[in-house]
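For reference, the structure discussed in these notes is given below.
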There are 2 protein chains.
Amino acid sequence: MAHEYEYARAALTVDIVVFALDENDLQVMLIERDLDPFAGQWALPGGFVHETETLDSAARRELEEETGLKEIFLEQLYTFGAMDRDPRERVVTVAYFALVNLEGHDVRASTDARNAAWFSVDELPSLAFDHDTIMDAALERLRGKVRYQPIGFELLPSKFALRELQHMYEVILDRKLDKRNFRKKILSMDILIELDEIEKDVAHRAAKLYRFDKNKYDRKTRKGFNFEL
Amino acid sequence: MAHEYEYARAALTVDIVVFALDENDLQVMLIERDLDPFAGQWALPGGFVHETETLDSAARRELEEETGLKEIFLEQLYTFGAMDRDPRERVVTVAYFALVNLEGHDVRASTDARNAAWFSVDELPSLAFDHDTIMDAALERLRGKVRYQPIGFELLPSKFALRELQHMYEVILDRKLDKRNFRKKILSMDILIELDEIEKDVAHRAAKLYRFDKNKYDRKTRKGFNFEL
DNA sequence: CCAAAAGTGTTAAAACTACACCCATGA
DNA sequence: TCATGGGTGTAGTTTTAACACTTTTGG
């Protein structure tokens, strides 16, 4: 196709920072590059935006192709356009961050003949391109946003114990929270449904399970309610 | 140049939502398009990203070319990539928002043989492309961010009275604030310098002038202080 | 019966809200 | 002298922070 606007065009990619929780850490998924530049180094999953898809679709497609993850929480983060971020030529990338609950999704640890793996955010290798910068921005965004938007639930199974919820916040915010105060606060928001169900296969006393009530949250939000931890 | 990545490439633009305050309103600068598509309609200032500049530089360059504004607060907002946002071909735009104090900057009301003008945000014409959507996003971001980051000062002259500061928040947040409580709160943050200077040419009792102490704010922030209104 | 985590209340301090008057100044 | 906005304090209420023990359950 002849371009109507005759400017040299940057290549456009998407890159995704996928967060998940394991027992004790916040983790991100990385992919080992098999080609130059940066062959053998770890990088964020991502790839080129096709002419026939939106940025969001490109991010979802790449995520599924490279990690098998689909239908997960995905939000645009920031667009990076430094001149030399790709040594070959000008590439602008739209970065996303994603949140996934490991139990609900079957993550291919390796796909595309490429090696994919989870890394704890405080034991990251140095990354290809400017992906360290993107990672920092994603972490900062997650830590900021989790406190005033109920996105943290995306990292948990749909039924969870209050301990798990508290633990998720402790891991992301990197500080201890007081158990009684945390429970009082989150329950007083009245956005959780207490289920008639308790934890299974737990070594000791089983906790009640809860579910996030998105409808109620949306209704309350429209009436001026603000989630804040 | 031969493209190393052989994908069809979207054109890449920047668009900027420039906010300013007049006596009573929050305003934005718009530009009347002289060419199709949308000839005669109002649109955000913006234009193509050149191959030799970053996204931020492109935004600053376009802003200066189209409005004469330079060295103003500028922050990336969001990247819009809907398939049909430009009727001619695929164009992805990186949107920015800017804050400017009208008194400190000489704004050309008209440049480039194009017509530029300020509009109150609650009396906007319908805009070209998807610029309505971008505008909504910018307003939402400004309203959210102004409460927990000290960016509102960018809309005021460097020396300002507390009344002006309060008024700025009232206009942006669209609600009355209590004078005594507002003063207590903002002064207790200890990020303003009280100057040995009072308002000039004011019809009645002149107010003390203050200045935002960015250094002190940065120092306090590093020690865990959080601005919040 | 022991280990482990669940669940629960109170108190003191701090922050927030609502509210009204006198003062200084220039016209 | 009047109109305009500057500047100030308090009391009631709400929110937050700190803190420890008993209960339940499975192994």
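These figures come from a predicted structure and were not determined experimentally. Each chain gets a letter, A, B and so on, in the order its sequence line appears, and its residues count up from 1.
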| request: Could I get the full list of side chain to side chain donor-acceptor pair (under 3.5 Å) partners for A:Glu154, not counting sequence neighbours? | output: none

| A:Glu194 CD to C:dA6 C1': how many Å, rounded? | 13 Å

| field | Rounded distance [0.5 Å steps], OG1 in A:Thr133 versus CG in A:Leu127 | value | 9.5 Å

| remark: A correct 5'-to-3' footprint of nucleotides 17-22 of chain C, with B, S and - meaning base, sugar-phosphate only and no protein heavy atom under 4.0 Å, is BBBB--

| task | Rounded off to whole Å, could you give me the CZ-to-P distance for the A:Phe182 and C:dG7 pair? | result | 13 Å

| field | Partner set under side chain to side chain donor-acceptor pair (under 3.5 Å) for B:Asp22, not counting sequence neighbours | value | none

| said: Classify A:Arg183 by what it touches in the nucleic acid, base, sugar-phosphate, or nothing, heavy-atom distance under 4.0 Å. | reply: base

| task | Scan residues 155-165 of chain B for pairs that pass side-chain hydrogen bond (donor to acceptor under 3.5 Å, both in side chains), counting only residues two or more places apart or in two chains. | result | B:Lys159-B:Glu197, B:Arg163-B:Glu199

| remark: To the nearest angstrom, the NZ-P distance between B:Lys208 and C:dT25 comes to 12 Å

| field | side chain to side chain donor-acceptor pair (under 3.5 Å) partners for B:Tyr210, two or more places apart | value | none

| Are A:Phe38 and A:Phe129 near enough that their ring centres are under 6.0 Å apart? | yes

| message | Suppose we screen for salt bridge (Lys or Arg N to Asp or Glu O under 4.0 Å). Which residues come up paired with A:Lys220, at least two apart in sequence or across chains? | response | none

| Going by number, which of residues 167-177 of chain A have a non-hydrogen atom under 4.0 Å from DNA chain C? | none

| query | First and last nucleotide of DNA chain D in contact with chain B, 5' to 3', at under 4.0 Å to a heavy atom: what are they? | reply | D:dA3 to D:dT10

| Is the centre of the A:Phe160 ring less than 6.0 Å from the centre of the A:Phe212 ring? | no

| message | Using 30° and 60° as the class boundaries, would you call the ring planes of A:Phe153 and A:Phe227 parallel, tilted or perpendicular? | response | perpendicular

| Does A:Asp122 have any side chain to side chain donor-acceptor pair (under 3.5 Å) partners at least two apart in sequence or in another chain, and if so, which? | A:Ser120

Distance-only criterion, 3.5 Å: show the donor-acceptor pairs between side-chain atoms of residues 72-80 of chain B and protein atoms not counting sequence neighbours.
{"from": "B:Glu75", "atom 1": "OE2", "to": "B:Lys145", "atom 2": "NZ", "distance (Å)": "2.6"}
{"from": "B:Thr79", "atom 1": "OG1", "to": "A:Thr79", "atom 2": "OG1", "distance (Å)": "2.5"}

| said: I want to check something: taking the side chain as every heavy atom from C-beta on, are A:Met168 and A:Leu165 in contact at a cut-off of under 4.5 Å? | reply: yes

Taking distance alone, no hydrogens or angles, what donor-acceptor pairs closer than 3.5 Å link side-chain atoms of residues 170-179 of chain A to residues at least two apart or in another chain?
{"from": "A:Glu170", "atom 1": "OE2", "to": "A:Gln166", "atom 2": "NE2", "distance (Å)": "3.1"}
{"from": "A:Glu170", "atom 1": "OE2", "to": "A:Leu177", "atom 2": "N", "distance (Å)": "2.9"}
{"from": "A:Asp178", "atom 1": "OD2", "to": "A:Arg180", "atom 2": "N", "distance (Å)": "3.2"}
{"from": "A:Asp178", "atom 1": "OD2", "to": "A:Asn181", "atom 2": "N", "distance (Å)": "2.9"}
{"from": "A:Asp178", "atom 1": "OD2", "to": "A:Asn181", "atom 2": "ND2", "distance (Å)": "3.4"}

| query | Counting only non-hydrogen atoms, which of residues 195-205 of chain A are less than 4.0 Å from DNA chain D? | reply | A:Val202, A:Ala203, A:His204, A:Arg205

